[in-house]
Protein chains: 2
Amino acid sequence: MGVKERKERDKVEMRDKILQSAQQLFLAKGLDQTSIRNIAEAIEYSPATIYLYFKDKNEIIHALHLDGFRLLVRHFEPLVKFTDPFERLIEMGNAYIKFATTNPGVYELLFVRTEPMEHVSNCLDEEWKEGDRAFDVLFQTVTQCQQSGHFKGLDTQNLSMMIWSFIHGLCSLGISNHIAHVKEARDKKLVVDAVMASTYQTFQTVMERLKA
Amino acid sequence: MGVKERKERDKVEMRDKILQSAQQLFLAKGLDQTSIRNIAEAIEYSPATIYLYFKDKNEIIHALHLDGFRLLVRHFEPLVKFTDPFERLIEMGNAYIKFATTNPGVYELLFVRTEPMEHVSNCLDEEWKEGDRAFDVLFQTVTQCQQSGHFKGLDTQNLSMMIWSFIHGLCSLGISNHIAHVKEARDKKLVVDAVMASTYQTFQTVMERLKA
DNA sequence: CAAAATTACTAAACGGTGTTTATTTTTAGA
DNA sequence: TCTAAAAATAAACACCGTTTAGTAATTTTG
């Protein structure tokens, strides 16, 4: 009687199919241009069928959100090779910026859009594990920097939040095209990426000075 | 024959009426819940009439965008009373945070949403004056800090961008509810405002250390 | 094996969106 | 008063997320 088992397999298969198409559309055309109807057309089912596998659109968005976080965490994995915590901190920033600029749509989904946050609020706290893990990578690195004698007298949590705020601000301004309209960016005809790079360079210098 | 003049007055009056209603709805219910149809109903005209005064919805959004910038600049005006440039810099951050947290919808419109940016791209650069003015307030203050001997060896433009990135990152994470999901924020049951305040406090300490 | 019951699916509708077109109403000038 | 221009709109178009009621396929049961 493997019927029930096969049906369950079919069910998750369909779920994956929906999610896969949703992701494809999302990466190609952005979140706002990814509609339930588009997804349905892509998988050659009626729109109503989607609702047999997902409660609503936000549940789909949330699933993509989780995938995005996994992608981010994967960007952080190579950082273990940097034994010096300060160096790792700097490289973490570079990895974060690279993730954001090469996957702007995903970045927006993770850290700019509020839709996934609203969904998370209605879930068990359990669901936010991925987010915690990503922040923890930063927190642990800052902790190790302080154990090495850097950043004395600064609260680890606050300093981590400060660093995240800066990097996130830089990335979101870059992605949302706000940097392109700042005077100097126009005058000097620097592209957004260059402004981001030189700004991060200055941040790096500032952190260096805080070491002592 | 002041009929032509009166008609022109009527035209701008109608434009203002539309904009006023749009702003009211926008502040009350957010951008996404402010539809052309809502605005039309509020001014007791048909939706199609709106299009006799505005090319499309983005043109309305852009007008609100300009108003928002003026509001931000107004938040910066009291800062002239701080004669010490470093003190002014710190207070500027407080003013910015206050603006963002008390007008989250407006803040989102100015610095998170991309719709107004897209519209700005299709305009003369002239249109972005307000944005430049706001950034210039920061840039000039950083310049004066450096003239007072602070932040030696750091590029003014990059340092200004760094500061803006941090503050913007902090505000946007706060507004978008992402801070609320960071572990420590939950564990210690700190509200978002408290996390923002203590993070900014740490930033202030960091900037103090850079003075020398 | 046929009938009943369950499951999978979808057509159609509801109420919403931004925007356009054709039409009607209002206004102004001769 | 009649006509031409201007202003406003009704209705439609093409979308959107979502729900409901009903159909088609499949599985279980007698």
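Numbered from 1 within each chain, the chains take letters A, B, ... in sequence-line order.
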How many whole angstroms separate atom [atom1] of [X] from atom [atom2] of [N]?
{"X": "Met14(B)", "N": "dA6(D)", "atom1": "CE", "atom2": "C1'", "answer": "13 Å"}
{"X": "Gln33(A)", "N": "dA14(D)", "atom1": "CD", "atom2": "P", "answer": "17 Å"}
{"X": "Glu13(A)", "N": "dA8(C)", "atom1": "CD", "atom2": "P", "answer": "14 Å"}
{"X": "Ile39(B)", "N": "dA8(D)", "atom1": "CD1", "atom2": "C1'", "answer": "17 Å"}
{"X": "Asp56(A)", "N": "dC16(D)", "atom1": "CG", "atom2": "C1'", "answer": "14 Å"}
{"X": "Ile50(B)", "N": "dA8(D)", "atom1": "CD1", "atom2": "P", "answer": "11 Å"}
{"X": "Glu115(A)", "N": "dC16(D)", "atom1": "CD", "atom2": "P", "answer": "16 Å"}
{"X": "Ile36(B)", "N": "dG15(C)", "atom1": "CD1", "atom2": "P", "answer": "22 Å"}

Between the base of dG16(C) and the side chain of Arg37(B), is there a donor and acceptor pair under 3.5 angstrom?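 Flag unset: no donor-acceptor pair detected.
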Measure across Lys17(B) and Ile43(B) and return the closest heavy-atom pair with its distance rounded to 0.1 Å.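 Closest heavy-atom pair between Lys17(B) and Ile43(B): O-CG2, 3.8 Å.
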Can you say whether the rings of His75(B) and Phe99(B) are parallel (under 30°), tilted (30 to 60°) or perpendicular (over 60°)?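 Ring orientation of His75(B) relative to Phe99(B): perpendicular.
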In terms of ring plane angle, is the pair Phe86(B) and Phe151(B) parallel, tilted or perpendicular, where the classes change at 30° and 60°?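 The rings of Phe86(B) and Phe151(B) sit tilted, inter-plane angle from 30° to 60°.
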Over all strands shown, is [X] touching base, sugar-phosphate only, or nothing at heavy-atom distances under 4.0 angstrom?
{"X": "Asn58(B)", "result": "nothing"}
{"X": "Asn38(A)", "result": "sugar-phosphate"}
{"X": "Thr49(B)", "result": "base"}
{"X": "Tyr53(B)", "result": "sugar-phosphate"}

Would Tyr200(B) and Tyr96(B) count as having a side-chain donor-acceptor pair, cut-off 3.5 Å?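 Not at all, the side chains of Tyr200(B) and Tyr96(B) share no donor-acceptor pair under 3.5 Å.
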Listed nucleotide nearest any side-chain atom of Lys57(A), set dT19(C), dA8(D), dT18(D):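 The answer is dT18(D).
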If you check every side-chain atom of Ala48(A), which of dG18(C), dT20(D), dC9(C) has the closest atom?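 Nearest listed nucleotide: dT20(D).
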SB check Arg113(B) Asp32(B) (cutoff 4.0 Å):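 Salt bridge present between Arg113(B) and Asp32(B).
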At less than 4.0 Å, is any side-chain N or O atom of Ser35(B) found next to OP1 or OP2 of dT17(C)? Yes or no.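 Yes, Ser35(B) has a side-chain N/O under 4.0 Å of OP1/OP2 on dT17(C).
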Reckon Tyr51(A) has a side-chain N or O less than 4.0 Å from the OP1 or OP2 of dG17(D)?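 It does not, given that no N or O in the side chain of Tyr51(A) lies less than 4.0 Å from OP1 or OP2 of dG17(D).
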Find which nucleotide of DNA chain D each of Asp32(A) and Lys55(A) is nearest to by heavy atoms, and output the residue with the more 5' nucleotide.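 Its nearest nucleotide lies further toward 5', so the answer is Asp32(A).
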